[in-house]
Undergrad: 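Quick one: the structure is below, questions incoming.
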There are 2 protein chains.
Amino acid sequence: MRTRHPDPPTRTSLLDAAEELMLAKGFVATTVDEICAAAGVTKGSFFHYFRNKEELGKVLLDRFSQRQEARFLEACASIEDPLERVMTMIDTAIAGSRDPAGKGCLVGTFAQEISETHPKLRQICELCFERLAAAVARDLVEAKERHAPDAAFDAAALGDFFVALGQGSLLLLKTTGERAVMERNLLHFKGYLRSLYGK
Amino acid sequence: MRTRHPDPPTRTSLLDAAEELMLAKGFVATTVDEICAAAGVTKGSFFHYFRNKEELGKVLLDRFSQRQEARFLEACASIEDPLERVMTMIDTAIAGSRDPAGKGCLVGTFAQEISETHPKLRQICELCFERLAAAVARDLVEAKERHAPDAAFDAAALGDFFVALGQGSLLLLKTTGERAVMERNLLHFKGYLRSLYGK
DNA sequence: ATTCTCATACCAACTGGTACGTATGAGCAA
DNA sequence: TTGCTCATACGTACCAGTTGGTATGAGAAT
């Protein structure tokens, strides 16, 4: 019985196919027909489940960011020291970059090309970035109070720093194909944090 | 007859229009018709000057990166200390991010969306990134020999670090519209360099 | 100087293909 | 029957690129 809808397989396969294609070629260059072909269904199905291409993008973005957030949460939830928590998050990101299945970040891919043309998608991307940055910033601000209360640096800004460094590394990876970039950059970031928080 | 060889104004206005549009909407989403309309010429002219849209992209990319490189060179050429040179480069980048005319980086914009679909353009982007990263890395390696020969960090990797941080910051800027991100992130980077090279 | 030639600069209309989206109905479960 | 799932077939718009021109000016021939 595939009637009642937690998750119709056709819809899921459409989402999976779209995600893979769009991670590689972006939102605009990926056509609905391509997605349907890759998913092994026809356009009728596509427009049965999604009002239009933009809505697919929205759903895809939500699904992607939710997964990502769950991964981070799972890795860090049990750690109570805020600095340790951030360090573990960085390690999680490094591990993700090693995994050949992790082909990039949908949020970054979308943000580049549709921020001017699809305001709604842009807003979702902004929210995703903001949530991640805020989580890191919160921990690092708390860690500063705890470990280095007298130091003079802007801990709150390090959330954006982390997001930017990660997204930039992914862009470099996509362009050069050199998988190790992300890891090297994040290790430098860890070094920076250690220097800020007194080893 | 207008100017002969050097730089027909029609061609230049096509390039200018294309650059502005593509910085905002990307390569794929910007249509040739749009470019022509913005430049105030017809499609016939476009295809008189460019074999196809991809060639326009190539020319645009070359022009953009050449300009950028000239700006950096002008700012740093006279400085002989390698660490000072990098610091000045960072300041130049910060200054560029303050200027409302600097609307982003074509290389980063293109790299995201065409790395899978237009191998030639991807290669140009890769080269641009590599040249910048290599310049920074060279200086920082030399600076390490000079200022911190015994420290244990990977100076060569800092070239990619700088490029990634810059590109990521531009992505954040595009997504959130918050212009100050680039400056905050690059200031943190300067702080990191100071900590590595012994203030 | 006048005319002929030819390359460059530009334009308007069109073509083939493709993209998104719709109309409609078949198959099946409840 | 009724409603959900999915397919076939089509419509409309638009996009990259082409065709077939016109206009202008440089240089050579006359």
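Residue numbering restarts at 1 for every chain, and letters A, B, ... go by the order of the sequence lines. On a predicted model such as this, the values are computed, not experimentally measured, just so you know. Worth knowing before you read on, the calculation uses all heavy atoms, side chains too, and leaves out hydrogens, waters and symmetry mates.
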Undergrad: Reckon A:T10 has a side-chain N or O less than 4.0 Å from the OP1 or OP2 of D:dC6?
TA: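 Checking A:T10 against D:dC6: at least one side-chain N or O falls below 4.0 Å of OP1 or OP2.
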Undergrad: Confirm from the modelled atom types if A:K43 and D:dA7 form a donor-acceptor pair under 3.5 Å, side chain to base only.
TA: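 Not at all, since no donor on one side and acceptor on the other fall under 3.5 Å apart.
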Undergrad: Tell me the interatomic distance from A:H48, atom NE2, to D:dC6, atom P, rounded to whole angstroms.
TA: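 So the two atoms are 7 Å apart, to the nearest Å.
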Undergrad: What nucleic acid atoms does A:Y49 come within less than 4.0 Å of, heavy atoms only: base, sugar-phosphate, or nothing?
TA: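 The residue A:Y49 makes sugar-phosphate contact but no base contact.
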Undergrad: In whole angstrom, give the distance that lies between atom CD1 of B:I35 and atom P of D:dC15.
TA: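 Atom CD1 in B:I35 sits about 11 Å away from atom P in D:dC15.
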Undergrad: Nearest-Å distance, CZ (B:F50) to C1' (C:dA9)?
TA: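 Checked: the CZ to C1' distance equals 14 Å.
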Undergrad: Starting from P on C:dA12, measure out to CZ on B:F46 and report it in whole angstrom.
TA: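 The distance from CZ of B:F46 to P of C:dA12 comes to 17 Å, rounded to the nearest Å.
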Undergrad: Over how many whole Å does the gap from B:R11 atom CZ to C:dT8 atom P extend?
TA: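 Nearest whole value for this atom pair: 14 Å.
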Undergrad: For the CD atom on B:Q123, are there more than 12 heavy atoms of other groups (residues, nucleotides or ligands in this structure) within a distance under 6.0 Å?
TA: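 Not more than 12 within 6.0 Å, no.
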Undergrad: Starting at atom NZ of B:K53, determine the distance to atom C1' of D:dC14, rounded to an integer number of angstrom.
TA: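 B:K53 atom NZ is separated from D:dC14 atom C1' by 12 Å.
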Undergrad: Write down the distance between CZ (B:F47) and C1' (D:dT18), rounded to a whole number of angstrom.
TA: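 In whole Å, D:dT18 C1' lies 9 Å from B:F47 CZ.
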Undergrad: Side chain of B:K144, backbone of B:L196: donor and acceptor closer than 3.5 Å?
TA: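 Not at all, since once roles are kept as given, no pair shorter than 3.5 Å links the two residues.
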Undergrad: By a strict heavy-atom criterion of less than 4.0 Å, which residues belonging to residues 112-125 of chain A are in contact with DNA chain C?
TA: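 When residues 112-125 of chain A is checked for heavy atoms under 4.0 Å from DNA chain C, there are no hits whatsoever.
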Undergrad: State whether the number of non-hydrogen atoms from other residues, nucleotides or ligands found under 6.0 Å of A:K53 atom NZ is greater than 12.
TA: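 Check passes, neighbour count above 12.
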Undergrad: Nearest of C:dC10, D:dT8, C:dG21 to any side-chain atom of A:T42?
TA: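 Among the listed nucleotides, the one closest to the side chain of A:T42 is D:dT8.
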Undergrad: Categorize B:T31 for me: base, sugar-phosphate, or nothing, with a 4.0 angstrom heavy-atom threshold over every strand shown.
TA: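 B:T31: backbone/sugar contact only, no base atoms under 4.0 Å.
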Undergrad: Suppose we screen for side-chain hydrogen bond (donor to acceptor under 3.5 Å, both in side chains). Which residues come up paired with A:Q112, at least two apart in sequence or across chains?
TA: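 Expected list: B:K174.
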Undergrad: Using OP1 and OP2 only, check whether a side-chain N or O of B:S45 sits under 4.0 Å from C:dC11.
TA: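 Answer yes for this pair, as a side-chain N or O of B:S45 is under 4.0 Å from OP1 or OP2.
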Undergrad: Would you say the ring centers of A:Y192 and A:F162 fall short of 6.0 Å from each other?
TA: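 Not close enough - the centres of the two rings lie 6.0 Å or further apart.
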Undergrad: Pairs of donor and acceptor atoms involving the side chains of residues 98-107 of chain A, under 3.5 Å and at least two apart or interchain, shall be tabulated with distances.
TA:
residue: A:R98; atom: NE; partner: A:E183; partner atom: OE1; Å: 3.3
residue: A:R98; atom: NH2; partner: A:E183; partner atom: OE2; Å: 2.9
residue: A:D99; atom: OD1; partner: A:A101; partner atom: N; Å: 2.8

Undergrad: Counting distance only, does the side-chain N/O of B:R179 pair as donor-acceptor with the main-chain N or O of B:S97 below 3.5 Å?
TA: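 Indeed, once roles are kept as given, a pair shorter than 3.5 Å links the two residues.
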Undergrad: Would you kindly give the CG-to-C1' distance between B:L56 and D:dA16, to the nearest whole Å?
TA: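 Rounded to the whole Å, the gap is 13 Å.
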